[in-house]
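Shown next, in structure tokens, is the structure this report addresses.
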Amino acid sequence: MRARPQVKGWCPGAYRPMQSGDGLIVRVRPVLARLTAEQALGLCDAALSHGSGIVDLTSRANLQLRGVTAGSLDPLIADLDALGLLDADPALEGRRNLLVQPLWTDTDLTDRLTRALLARLADLPDLPAKMGIAVDAGPAPVLSQHSADFRFERTADGRLILRPDGSPSGQVVTEAEAIDRLITLAHWFTETGGAVAGRMSRHLEATPLPVEFTGTTPAPSATLPEPGPTALGPAYGVAFGQIEATALARLLTATGATALRVSPNRLLMLEGGQPAETPDFITDPADPLRRVEACPGAPFCPSSSVETRQLARLLAQLVRATLHVSGCTKGCAHAATADVALVGRGGAFDLVRNGAAWDAPFASGLAPEILPQTLGTA
Ligand code: SF4
């Protein structure tokens, strides 16, 4: 297996937008993965007024507005601020890399821990920008497959643990001491040179974890919600995480939802809403598009020489396996293995079987037009 190529070391937060092939990308990190209906509709308006109207739902349950220009950036930031979607302090905005168990309820442990953590963000040491914290304190972890470096989870008998990503076990903590223990673990990471590795799991490959941070395993993982009814309201899948703001505004209105929850498995939950028919979102958990990941590719990303999402839609109907179509070896859409990974290079695709985008290919230089036939039996 080859090492993953260097991915840009910072994320495009609202205060530090990132240039892409279709303009600037501005990322909004909804607190507790929730926007009120008013905030969500306002975000849709802002995406249409100041960007291309395309909003990405990222694998960390954030929302990215695309196609922003140098001239439209300031009015966009002003609108997002007026909607209450930004932190007053850009430094804290940058630190708020949190992933939460998306079915949290008012005052449950995930809600309480997240709010306690938000109040203490300034006490964390400076961490590499890609690092994140999962507050996954429901009855069983549901975020184990999603990117995070520090994980709050529960054991099978309901105790709370803090587990560094990459370690099979963590330390039991009380709710009262949980945030202090997280800050201690974060200091251990920085003081032992973790910034060089950039992520906790990579750091642990070379650095022994002190025994105090280990010892207790989490409950077996459970799954995230899928399209269909949930305890909060109807859930809809988002193919490739790409949302059209007009379609989202229509869905919010049609369901009568009071709030929107975002889930890292490319899912929107319409809190308090009634189910509504929609051609724009995935309503069937068995839809083949739920098995497919694809990054924006060309012309949106300058690193890509190939179109990705149209091809992924076509191949989704033909390939019965999990499929990842990546514009290049960085594998932004899916930082894990897939049964089949197609990786753009020089206008053609390399084919990786049971691997990640950066792994050694099984076949190389495949023209896009021969892929439906090549993969029809995969
Ligand atoms: S994986 Fe896709 S989005 Fe990421 S850098 Fe490569 S082409 Fe761009």
Side-chain angles (χ1 to χ4, degrees), residues 1-13 16-28 51-52 54-68 97 128-132 145-147 198-199 202 238-244 264-266 289 291-316 319 322-362 364-368 371:
M1 187 174 282
R2 296 194 295 206
R4 188 181 187 189
Q6 191 70 32
V7 176
K8 283 190 177 71
W10 46 274
C11 295
R16 197 154 64 149
M18 187 171 80
Q19 187 68 48
S20 189
D22 57 341
L24 296 170
I25 299 174
V26 171
R27 180 172 291 177
V28 172
S52 62
I54 298 293
V55 179
D56 291 335
L57 172 54
T58 76
S59 57
R60 280 189 164 174
N62 292 316
L63 295 166
Q64 291 183 166
L65 282 66
R66 303 194 70 99
V68 179
N97 277 337
K130 285 278 173 191
M131 290 186 78
Q145 300 303 314
H146 293 269
S147 176
R199 299 299 300 264
R202 278 205 294 270
V238 181
F240 315 128
Q242 183 175 306
I243 302 167
E244 287 187 25
N265 59 338
R266 315 261 197 234
L289 286 175
R291 286 188 272 107
V292 179
E293 301 282 357
C295 73
F300 304 108
C301 178
S303 297
S304 181
S305 61
V306 291
E307 192 286 327
T308 49
R309 287 183 171 164
Q310 261 176 279
L311 179 68
R313 273 186 192 279
L314 173 67
L315 295 177
V319 177
T322 56
L323 172 67
H324 177 194
V325 182
S326 186
C328 77
T329 54
K330 291 178 190 162
C332 298
H334 186 60
T337 62
D339 297 327
V340 176
L342 292 168
V343 185
R345 188 169 56 84
F349 284 92
D350 291 345
L351 167 62
V352 178
R353 288 200 185 276
N354 297 316
W358 51 89
D359 284 336
F362 167 83
S364 295
L366 304 172
L371 289 170

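Just follow the structure's listing: the first ligand is 1, and inside any ligand the first atom is 1. Note: hydrogens, waters and symmetry copies are ignored here, and every other heavy atom, side chains too, is used.
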(message) Could you measure the distance from the CD1 atom of I25 to the CD atom of Q64? Nearest 0.5 Å is fine.
(response) 5.0 Å
(request) Could you check atom 2 (Fe) of ligand 1 against the protein and tell me its nearest heavy-atom contact, residue, atom and distance included? (result) C295 SG, 2.3 Å
(request) Return the residue, atom name and 0.1 Å-rounded distance of the protein heavy atom closest to atom 4 (Fe) of ligand 1. (result) C332 SG, 2.3 Å
(message) Could you tell me if the side chain of S305 sits less than 4.5 Å from the side chain of R345, heavy atoms only?
(response) no
(message) Using side-chain heavy atoms (C-beta onward) and a distance below 4.5 Å, is L57 in contact with L63?
(response) yes
(message) For the backbone of G327 and the side chain of T308, can you confirm whether one donor and one acceptor N or O come within less than 3.5 Å of each other?
(response) no
(request) Could you tell me which atoms of ligand 1, counted from 1 in the order shown, lie closer than 4.0 angstrom to a heavy atom of G327? (result) 2 (Fe), 7 (S)
(message) At less than 2.8 Å, would any N/O/S atom of C301, backbone or side chain, sit next to atom 4 (Fe) of ligand 1?
(response) no
(request) Under 4.0 Å from a heavy atom of S303: give me the atoms of ligand 1 that qualify, with their elements. (result) 5 (S)
(request) Tell me which protein heavy atom sits closest to atom 6 (Fe) of ligand 1, plus the residue, atom name and distance to 0.1 Å. (result) C328 SG, 2.3 Å
(message) Can you confirm whether H324 sits close enough to V340 that some side-chain heavy atom of one is under 4.5 Å from a side-chain heavy atom of the other?
(response) no
(message) At less than 4.0 angstrom from any non-hydrogen atom of S326, what atoms of ligand 1 do you find?
(response) 1 (S)
(message) To the nearest 0.5 Å, what is the distance between CG on D350 and CG on L342?
(response) 9.0 Å
(request) Could you list which atoms of ligand 1 come closer than 4.0 Å to a heavy atom of K330? (result) 5 (S)
(message) For E244, I'd like to know if atom CD has over 12 heavy atoms of other residues, nucleotides or ligands within 6.0 Å.
(response) no
(request) Run the numbers for me: atoms of ligand 1, each under 4.0 Å from some heavy atom of G331, listed by number. (result) 1 (S)
